[in-house]
Undergrad: 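Quick one: the structure is below, and I'll ask about it shortly.
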Amino acid sequence: MPTWIQKVGQVMPTFFANDLLSSVLLGNQIKTGNIIGITIWIIIGIAGVIVTLKLYHHRGWSFNA
């Protein structure tokens, strides 16, 4: 893979989760960067949900079918 795609892949949540899981299963030391990366992605996800819900509420849309 090209270098730029590798760099993009290394900041995706699946990279952090896979590296963390590999460390746990192989008995290696857990890297704090993986914990921080997963935490940042969780915060981004929660912020996205909050913004989406506020937009739905602001526009008067309903979640009912």
Undergrad: If a pair satisfies salt bridge (Lys or Arg N to Asp or Glu O under 4.0 Å) and one of its residues is in residues 21-31, list it, with sequence neighbours excluded.
TA: Asp19-Lys31

Undergrad: How long is the gap from CD1 on Ile38 to CG on Leu20, to the nearest 0.5 Å?
TA: 4.5 Å

Undergrad: If you look only at pairs with a residue in residues 2-15, which of them pass as a side chain to side chain donor-acceptor pair (under 3.5 Å), with sequence neighbours excluded?
TA: none

Undergrad: Report the residues that fulfil side chain to side chain contact (heavy atoms under 4.5 Å, CB included) with Leu55, sequence neighbours left out, ordered by chain and then residue number.
TA: Val51

Undergrad: Remaining members of Leu26's ILVMFWY cluster at a side-chain heavy-atom cut-off under 4.5 Å?
TA: none

Undergrad: Ignoring hydrogens and angles, write down the donor-acceptor pairs under 3.5 Å from the side chains of residues 39-49, residues two or more places apart or on other chains.
TA:
unit_1 : atom_1 : unit_2 : atom_2 : d
Thr39  : OG1    : Ile35  : O      : 2.7
Trp41  : NE1    : Val11  : O      : 2.8

Undergrad: Not counting sequence neighbours, list each pair that qualifies as a salt bridge (Lys or Arg N to Asp or Glu O under 4.0 Å) and has a residue in residues 40-56.
TA: none

